[in-house]
There are 2 protein chains.
Amino acid sequence: MDFSIGELARRTKVKVPTIRYYEQIGLMPPPPRSQGQQRRYDDSHASRLNFVRHARELGFEVDDIRELLAMSAKPNQSCAEIDDMARRHIAEIDRRIAHLTTLRAELRRTVDECGRGRVCECRVIEALGDNSHEHGRLDKARSRR
Amino acid sequence: MDFSIGELARRTKVKVPTIRYYEQIGLMPPPPRSQGQQRRYDDSHASRLNFVRHARELGFEVDDIRELLAMSAKPNQSCAEIDDMARRHIAEIDRRIAHLTTLRAELRRTVDECGRGRVCECRVIEALGDNSHEHGRLDKARSRR
DNA sequence: CCTTGAACCTCTAGTTACTATAGGGATTAG
DNA sequence: CTAATCCCTATAGTAACTAGAGGTTCAAGG
């Protein structure tokens with residue numbers, strides 16, 4: 001039913017020291033311990049850690065992730081606040097998907113050209129490099145814990 | 001026609017010390033200098049730096065970006081090699097878009113619920129937290145410069 | 001029960017990718 | 001020509017990990 005930090009690492013592909021680090025900075029809750037002071041985890045920990053890992057891979061900063069986690073499983077928080085947070089994150093996600101889609105299109109074009117035996121010319125820089133669609137990052141004025 | 005590092009920073013929203021850092025690690029080429037040893041940039045630098053910035057925001061590591069840059073503007077490179085690189089990056093981009101889409105859907109559902117005056121319950125962890133769609137990261141066995 | 005080897009503990013130090021500061025020189029507006 | 005502003009190098013600090021040292025706990029086999 002519950003398992004060690006090593007097992008959690010295996011299940012989530014997050015390294016053991018990283019899990020302890022996430023506990024230190026408050027991304028993961030301090031889990032119960034065995035008699036000998038060893039950490040004991042359950043499925044909810046694995047789920048949360050998987051979320052953190054995916055979010056990090058997608059380029060979200062720790063503060064963004066803290067905010068997303070705070071949104072989750074706090075049913076009676078201010079609706080207006082959650083709504084605002086969620087909207088900001090949706091806008092940022094939209095921008096990222098747009099960029100990734102553009103980049104993918106250019107890579108596909110390159111693969112396609114290569115396949116037809118043409119000279120391989122890849123113009124990814126032009127795809128993401130121009131200021132044609134300017135935008136700002138996620139608002140950073142948020143409370144730090 | 002050409003401009004200073006400060007102007008480049010303003011145009012790309014990349015901080016001045018970061019630009020110099022990118023030069024140090026080879027993401028940006030060493031630009032020509034003025035008589036007084038000050039860096040002089042042109043539009044091609046701005047374009048390349050914009051690409052780097054966007055790619056970093058999307059969560060690509062410096063080594064990934066180096067690879068993408070290497071693909072670009074080297075028309076007579078081995079087609080097979082470029083094709084392979086591009087395909088690997090496309091696969092990774094597909095995974096990221098899928099994750100972002102899932103996350104966005106959950107945030108939208110949350111906003112929607114909030115709007116209807118229901119109790120705000122956001123289940124982003126469940127959206128990205130489960131092992132339902134397991135996958136590996138981009139292959140890391142690549143030559144370091 | 002007792003051993004023994006793998007896995008765990010804390011703590012510290014190193015890595016990557018920036019970011020800021022100090023002390024001094026170059027550029028440009030008046 | 002001078003004063004404000006920007007640029008230079010070099011070093012140190014931060015965020016988010018990652019690895020290692022030195023010692024403890026757990027659990028499988030005898």
Side-chain angles (χ1 to χ4, degrees), chain A residues 1-28 30-42 45 48-69 137-138 140 142 144-145, chain B residues 1-28 30-42 45 48-69 137-138 140 142 144-145:
Chain A
M1 214 73 250
D2 63 348
F3 42 85
S4 72
I5 197 169
E7 176 63 16
L8 180 63
R10 201 191 57 69
R11 291 192 192 188
T12 58
K13 265 125 202 167
V14 174
K15 282 163 192 147
V16 169
T18 306
I19 297 172
R20 290 197 274 247
Y21 171 71
Y22 284 161
E23 183 182 330
Q24 226 187 334
I25 64 170
L27 282 189
M28 291 295 289
R33 304 278 189 130
S34 69
Q35 269 96 342
Q37 287 306 103
Q38 300 198 354
R39 291 167 179 84
R40 294 285 122 189
Y41 295 97
D42 60 30
H45 291 108
R48 186 182 176 106
L49 186 52
N50 263 318
F51 172 77
V52 172
R53 173 184 140 234
H54 288 312
R56 289 292 297 134
E57 280 173 10
L58 293 172
F60 289 100
E61 289 170 23
V62 165
D63 275 358
D64 292 327
I65 297 173
R66 241 194 277 278
E67 205 170 277
L68 288 166
L69 286 171
R137 292 243 29 234
L138 256 181
K140 284 300 175 59
R142 290 189 301 260
R144 301 197 165 241
R145 33 161 288 130
Chain B
M1 214 72 252
D2 63 348
F3 41 85
S4 72
I5 197 167
E7 175 64 15
L8 180 63
R10 200 191 58 69
R11 291 192 192 189
T12 60
K13 266 125 204 168
V14 175
K15 279 160 193 149
V16 169
T18 306
I19 297 172
R20 290 197 274 249
Y21 171 71
Y22 284 162
E23 184 182 330
Q24 227 188 332
I25 64 171
L27 281 189
M28 292 296 289
R33 303 280 186 128
S34 70
Q35 271 96 343
Q37 287 306 103
Q38 301 199 353
R39 291 167 180 84
R40 293 285 125 190
Y41 295 97
D42 60 29
H45 291 108
R48 186 182 176 106
L49 185 52
N50 263 318
F51 173 77
V52 172
R53 174 183 139 235
H54 288 313
R56 288 292 297 133
E57 280 174 9
L58 294 172
F60 289 100
E61 290 170 22
V62 166
D63 275 359
D64 291 328
I65 297 172
R66 241 194 276 279
E67 205 170 277
L68 289 165
L69 286 171
R137 292 245 26 233
L138 255 181
K140 283 299 174 58
R142 290 189 300 258
R144 302 199 163 237
R145 32 160 294 131

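Just so we're on the same page: letters track the sequence lines, and every chain starts at 1. No experiment lies behind these values; they were computed from the predicted model shown.
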Without decimals, in angstroms, what is the distance between [X] [atom1] and [N] [atom2]?
X	N	atom1	atom2	answer
B:Leu27	C:dA17	CG	P	9 Å
A:Gln24	D:dA16	CD	P	12 Å
B:Arg56	D:dA16	CZ	P	12 Å
B:Tyr21	D:dA12	OH	C1'	15 Å
A:Ile19	C:dA7	CD1	P	14 Å
B:Glu7	C:dT28	CD	P	12 Å

* Can you name the ring pair (Phe, Tyr, Trp, His ring centres under 6.0 Å) partners of A:Tyr22, sequence neighbours left out? -> none
Would you mind telling me which of [options] lies closest to the side-chain atoms of [X]?
X	options	answer
B:Arg39	D:dT9, D:dC6, C:dA17	D:dT9
B:Thr18	C:dT19, D:dC6, D:dA16	C:dT19
B:Arg33	C:dT10, D:dT9, D:dC6	D:dT9
B:Ile5	C:dA17, D:dC7, D:dC17	D:dC7

* Structure fact -> Letter by letter from the 5' end, nucleotides 20-27 of chain C scores (B base, S sugar-phosphate only, - none; protein heavy atoms under 4.0 Å) B----BSS
* Are the charged groups of B:Arg66 and B:Glu61 less than 4.0 angstrom apart, N to O? -> no
* May I ask you to verify if any side-chain N or O of B:Ser4 is less than 4.0 angstrom from the OP1 or OP2 atom of D:dC6? =>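 Answer no for this pair, as no side-chain N or O of B:Ser4 is under 4.0 Å from OP1 or OP2.
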* Who are the side chain to side chain donor-acceptor pair (under 3.5 Å) partners of A:Glu7, not counting sequence neighbours? -> A:Arg10, A:Arg11
* How is B:Val16 classified with respect to the nucleic acid when contacts are heavy atoms under 4.0 Å: base, sugar-phosphate, or nothing? -> nothing
* What residues form a side chain to side chain contact (heavy atoms under 4.5 Å, CB included) with B:Asp2, not counting sequence neighbours? ->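 B:Asp2: side chain to side chain contact (heavy atoms under 4.5 Å, CB included) contacts with B:Arg40.
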